[in-house]
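Here is the structure we will look at.
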There are 4 protein chains.
Amino acid sequence: MSFNTFGHLFRVTTFGESHGPAIGCVVDGCPPRIPLTAEEIQHDLDRRRPGQSRFTTQRQEADAVKILSGVFADPDSGAQVTTGTPIGLLIENTDQRSKDYGDIAGKFRPGHADFTYEAKYGIRDYRGGGRSSARETAMRVAAGAIARKIVPNLIVRGALVQMGPHRIDRDKWDWDEIARNPFFCPDKDKAAFFEDYLDGIRKKGSSIGAVVEIVAEGVPAGLGAPVYGKLDSDLALALMGINAVKGVEIGAGFGAAELTGEDNADEMRMGNDGPMFLSNNAGGILGGISTGQPVVARIAVKPTSSILTPRRTIDRDGHDTEISTKGRHDPCVGIRAVPVGEAMVACVLADHYLRHRGQVG
Amino acid sequence: MSFNTFGHLFRVTTFGESHGPAIGCVVDGCPPRIPLTAEEIQHDLDRRRPGQSRFTTQRQEADAVKILSGVFADPDSGAQVTTGTPIGLLIENTDQRSKDYGDIAGKFRPGHADFTYEAKYGIRDYRGGGRSSARETAMRVAAGAIARKIVPNLIVRGALVQMGPHRIDRDKWDWDEIARNPFFCPDKDKAAFFEDYLDGIRKKGSSIGAVVEIVAEGVPAGLGAPVYGKLDSDLALALMGINAVKGVEIGAGFGAAELTGEDNADEMRMGNDGPMFLSNNAGGILGGISTGQPVVARIAVKPTSSILTPRRTIDRDGHDTEISTKGRHDPCVGIRAVPVGEAMVACVLADHYLRHRGQVG
Amino acid sequence: MSFNTFGHLFRVTTFGESHGPAIGCVVDGCPPRIPLTAEEIQHDLDRRRPGQSRFTTQRQEADAVKILSGVFADPDSGAQVTTGTPIGLLIENTDQRSKDYGDIAGKFRPGHADFTYEAKYGIRDYRGGGRSSARETAMRVAAGAIARKIVPNLIVRGALVQMGPHRIDRDKWDWDEIARNPFFCPDKDKAAFFEDYLDGIRKKGSSIGAVVEIVAEGVPAGLGAPVYGKLDSDLALALMGINAVKGVEIGAGFGAAELTGEDNADEMRMGNDGPMFLSNNAGGILGGISTGQPVVARIAVKPTSSILTPRRTIDRDGHDTEISTKGRHDPCVGIRAVPVGEAMVACVLADHYLRHRGQVG
Amino acid sequence: MSFNTFGHLFRVTTFGESHGPAIGCVVDGCPPRIPLTAEEIQHDLDRRRPGQSRFTTQRQEADAVKILSGVFADPDSGAQVTTGTPIGLLIENTDQRSKDYGDIAGKFRPGHADFTYEAKYGIRDYRGGGRSSARETAMRVAAGAIARKIVPNLIVRGALVQMGPHRIDRDKWDWDEIARNPFFCPDKDKAAFFEDYLDGIRKKGSSIGAVVEIVAEGVPAGLGAPVYGKLDSDLALALMGINAVKGVEIGAGFGAAELTGEDNADEMRMGNDGPMFLSNNAGGILGGISTGQPVVARIAVKPTSSILTPRRTIDRDGHDTEISTKGRHDPCVGIRAVPVGEAMVACVLADHYLRHRGQVG
């Protein structure tokens, strides 16, 4: 959980810059003998891949992932499975368009990490944002594809629930709609609206923020730990660390601030399948430990900082100047945050599942 | 960052239950030769201590902290200073009223961690909530008092900015008001309003949620690290881990979801003292690294789950039943979350300050 | 595994100086519902306690341990058991004789950590060695007493197998002898010899080194992990970290350097109870993972640096001077290293047992 | 420090199997703006590379390392330097001879990790030893090449000081000899002797153990930390984790067990350049903290377990059988342990250098 690694027993370490030779990932601590193929990981990666609609950056990369280690033929089934040793993953960068980086090399783009990397390290790989590029999130999705296989019966799904000031109608929530529109939007009507709305923003070279909701079903009660290894703490860490995320909430979230104790407390009854909650303001987590209800998290994603309109800034030499960003960019990065958010939640749950098994058996 | 420890170079480990013999804390990694007395820590503890107004639990404890290790007379000044070895802190529990715990021993209080601790461990210390009691946060405040001394010129202050649906008027923000009302509220008029409002809630035996804002000034640019050691990730982890917190946001936070790229990006100009930002939607953090602007975080605190109105629940044996909570409780736990939030932010900043110094010098 | 914490899932954090108010320990990650009383921990502490024979320091302290948290009455049996939350342990320092520390305050005792603490921190608690005192090892023994209960059927025993140049006769090894002499020596005849031998050293105010062997039986095959979480790596870390230890070896250890591949390899046969090894040069560990054979480690303990004979040194001001150490000291610290070594091995095995269960189930 | 990662601020994570597509490494936490080229890393790798004399395995691989991330042109000098982001390294496996693995697939080779991997995971990549192959150590050497650049003026050198029962004459120690013989032996005469001696062993298809000494000069006083972050603890962890190592000692090591306190304590005098020690039994470390003297560690390396003589073993199905190992193997793996040991020591020192700078400044 330091610098470029996260997780404790299920640990993910990534490396790579947007325009370097490759990005990669090491997934350590995966249980052995879990079936795993590059195709399965690729399936998740393809959901995140840019260039699939006019609403995401037009960068065209196959993003073909290779498994470099940690898998072998199962002695019984012969299928390719994990061996318990670290799984090395690699995606070569193939679409590093050669171009003049002069402007972003010398100037700090507002809203981007240009100034802060420079302030910290005295140097930055400015090509495509270097390490701070959203391209790194491809490896998170890859790791998440492995994580999803660890907790039995776990289903982690995400949805875009707000774009700019426009919220979906939660009564129209239909998970099947997610795959039918380019926004991962569960409300069919709002998806149709977003089509026009985002086109307008895209044509102006502008961008807009969004809210994404991640729901994990099949989470057994008991995951998480007091008091600094709470499940919601680790979810907050993982989700806030996604590029452009500025807020994380669990269950009722900021809405809980407006509730009374009577309204907020999720009452319980004994159901046929065991303890049952009559509501889920807790978002599936009480005292940092899962309740067995769906874990529900939401993230606020700021608008893409790369926009056509010139913005005031300074250059490396400390002179006032302006900058505008041309080229391939997402008008709403919140869209592609959906599969990334799912992946982060899956990784945290896998880690806590193994940690719980370690301590409690 | 596992179970009951957080931080990397500045590390805090706590132990203790609400009604056990004592609660304690080990602060490891503190730089040597920093002046430190129990009185200074006590000063911060007293700000959090219950029983100071009718708006916090009437539990009466001196909460007197003892320093058990890690300090010694400075060879030059003779003042008591840190030695670089672990600082052990202890607060004895003196107000563990002997009473019948029958009801909470056998039933799960909705909104509390009773059910989840039981689901995880098969056992829980039910007295006063045991490990999940807010009492543990005293040790966070104690650790925070040490952390505040590590980053030069750091000032971390918190304020209650919303109670229930009622938000303060940000134009009336006056830090000096914080100490003048029992709510840590920076808006004098709203504080007066809260007095009546919360009294009404308290008299009904009800409770209400709140939003707390923490502002850290004097944070040098460059703290934080890509991509899983981001300053905002670690703040989210630390703040979401405070009891009753259901949401964390940085800078514009969830508001950023409604902004366009033009409005969100904080433009820059060269000022007399170096780079200057014309706004702070980023909340002082870009790409996970501090910008030099104030770091601004907000947390949503749910209403106290302990209320007089009976709520439906089940007991340990799986039978439907009801429970209501009598006794000493905060009608708005958000109030006491203010010093706790400050402490967590201070600890995260101290840790990142040392980590940055380690890597970059 | 940083500064004053070790272990991953079974984590031990200690604090406290030799002559401060108390020393303490937090054991985190212990599985729930393990029976645990202070008396059981005390039993192990008493084996390490000084002042039990003329061959250990005459410091007289009850070393009475208190459990401050993490235990509660089991809901079924009513016995005191662990709850899964952190176990806080405390021993108050009662025998801090008030005396003039002038000499060791200003001078660096050769062989002690005086100079290095000063070089690192610019300050040190010189009273009784402060943090570097062997007194800290009491908390390791306390943690080890808990660790011993985690791996089913685990037996960890230690023995002094060499004092100065004198080795025991391994053919005379009798575990029952350990408790019958003040040296934890398994060779009755050599124990008798040590009685005279060490008396001579003691009377001269001198000291002597020793070798201690720790044997863990009941370690299941499969504990440990490639390639930086090896069981032998973690044992080496834990054992080398004991005060005065200068060497660690596993199985044949340094003797393996003299062997051929034919002689070193432990051949296998199928036994009635499963795979069986015909020798144990590996010391129970191959490729960093336990084989199911006894885990065997040896540590070299240097002679106590506190001796009567004056030694040349320098003072804090950089002047040449001399120092000799009067007062209570062990003529052979290797003796008390036996229970400490056992405790460290037990902690490492408990940690790896939980980690293995986490990853592999 | 878990599974396949080690270090705290300077962190190394490796992945890859002997006969998979590639092995790789992520070095995280490296300070920025340190000049670094693949050629420099390659230089160290070439010292470890097999096939350079008849005394190491005849596997022929270029072991050409690629830097995939974490470097960029310095804004001032234009030279390729580190950026502070993770450095990804990759070596493709090119000499994976296609052959029948039938024998080692089904049988457990004594002295190898075959049985233990199987016992732990229920599966193992048996090709060339998979993850337990010494091939992994190439990545340690690569990481060490980076680590060497972090502590100013640090020189880490290793030497083979014993082969089988034959020790070098320490009076003949000449560092320049190291590069002149295929054994990294600093004693010219003994090197000549080893030439014949090892040839005899090699021709019989046998193998022999060795002792390697690593000396680090230029280590500033003050690195390391009480009491579980000791410099010698971390060295022990790092060195014991090298394939085939069965013992680690610091300074006088096991020899210290035979010394009296008078002989063991390194006396001090004030020298022209500051505090000076008159001997170095401590091996440059007291109380877990460096003294400023050279850090001296020795490791015992067992003989290669792959030998021609058939050994008794069992197969996966639990039947008694025999196995002998044909093909390319080192008659004395201790030789190639020299650059690996140097690398591990360099990594530990770099990590502690950064950790010290973090805490103390």
Side-chain angles (χ1 to χ4, degrees), chain A residues 1-3 6 110-111 113 116 119-120 131-132 162 164-165 206-211 221-222 225-226 228-230 232-233 236-237 240-241 246-250 253-254 256-262 264-265 267-270 286-287 289 300 302-305 307 309 311-314 318 320, chain B residues 1-3 6 8 110-111 113 116 119-120 131-132 162 164-165 206-207 209-211 221-222 225-226 228-230 232-233 236-237 240-241 246-250 253-254 256-262 264-265 267-270 286-287 289 300 302-305 307 309 311-314 318 320:
Chain A
M1 199 86 66
S2 169
F3 296 168
F6 76 100
T116 52
K120 183 176 189 72
R131 182 70 182 147
S132 71
Q162 181 182 337
S206 182
S207 64
I208 192 73
V211 174
Y228 304 124
K230 287 179 174 171
D232 36 2
S233 297
L237 172 93
M240 190 68 94
K246 299 302 285 184
V248 178
E249 55 181 20
I250 304 292
F254 277 85
E258 310 201 1
L259 297 178
T260 62
E262 289 78 7
N264 180 64
E267 295 183 291
M268 299 185 75
R269 275 291 169 253
M270 206 58 200
L286 283 172
I289 300 174
K302 72 179 186 183
T304 319
S305 298
I307 47 175
T309 312
R311 300 275 85 188
R312 285 174 291 178
T313 190
I314 61 172
D320 288 353
Chain B
M1 199 85 68
S2 169
F3 296 167
F6 75 100
H8 291 85
T116 52
K120 183 175 190 71
R131 182 72 182 145
S132 70
Q162 181 182 336
S206 181
S207 64
V211 174
Y228 303 124
K230 288 179 174 172
D232 37 2
S233 297
L237 171 94
M240 190 68 93
K246 299 303 285 184
V248 179
E249 56 182 18
I250 304 292
F254 276 86
E258 310 201 0
L259 296 179
T260 62
E262 289 76 10
N264 180 64
E267 295 182 291
M268 299 185 76
R269 275 291 169 253
M270 204 60 199
L286 283 173
I289 300 173
K302 72 178 186 183
T304 319
S305 298
I307 48 175
T309 313
R311 301 274 86 189
R312 286 174 289 177
T313 190
I314 60 173
D320 289 353

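Since the model is a prediction, treat every value here as computed from it, not as a measurement. Within every chain, numbering begins at 1; the chains are lettered A, B, ... in the order of the sequence lines, protein sequences first and strands thereafter.
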Residue selection (most heavy-atom pairs with chain A, distance under 4.5 Å) from [options]:
options	value
B:Ala119, B:Ala236, B:Ser132	B:Ala236
B:Ala210, B:Ala265, B:Gly287	B:Ala210
B:Ser207, B:Ser305, B:Gly318, B:Ala113	B:Ser207

To the nearest 0.5 Å, how far apart are [atom1] in [X] and [atom2] in [Y]?
X	Y	atom1	atom2	result
A:Thr313	B:Met268	OG1	CE	5.5 Å
A:Ile250	B:Met240	CD1	CE	4.5 Å
A:Leu237	A:Asp232	CG	CG	12.0 Å

Counterpart residues, side-chain hydrogen bond (donor to acceptor under 3.5 Å, both in side chains), relative to A:Thr260 (two or more places apart):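 side-chain hydrogen bond (donor to acceptor under 3.5 Å, both in side chains) list for A:Thr260, sorted by chain: A:Glu262, A:Asp263.
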Between A:Val248, A:Ile208, A:Asn264, A:Thr309, the one whose heavy-atom pairs under 4.5 Å with chain B are most numerous: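 Winner by heavy-atom pair count: A:Val248.
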Residue among A:Arg311, A:Lys230, A:Arg312 with most heavy-atom pairs under 4.5 Å to chain B: A:Arg312
Ring centres under 6.0 angstrom apart (B:Phe254, A:Phe254): yes
Residue A:Lys302 versus chain B: region with a heavy atom under 4.5 Å: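 Both backbone and side chain of A:Lys302 come within 4.5 Å of chain B.
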Contacting moiety of A:Ile307, where chain B heavy atoms sit under 4.5 Å: side chain
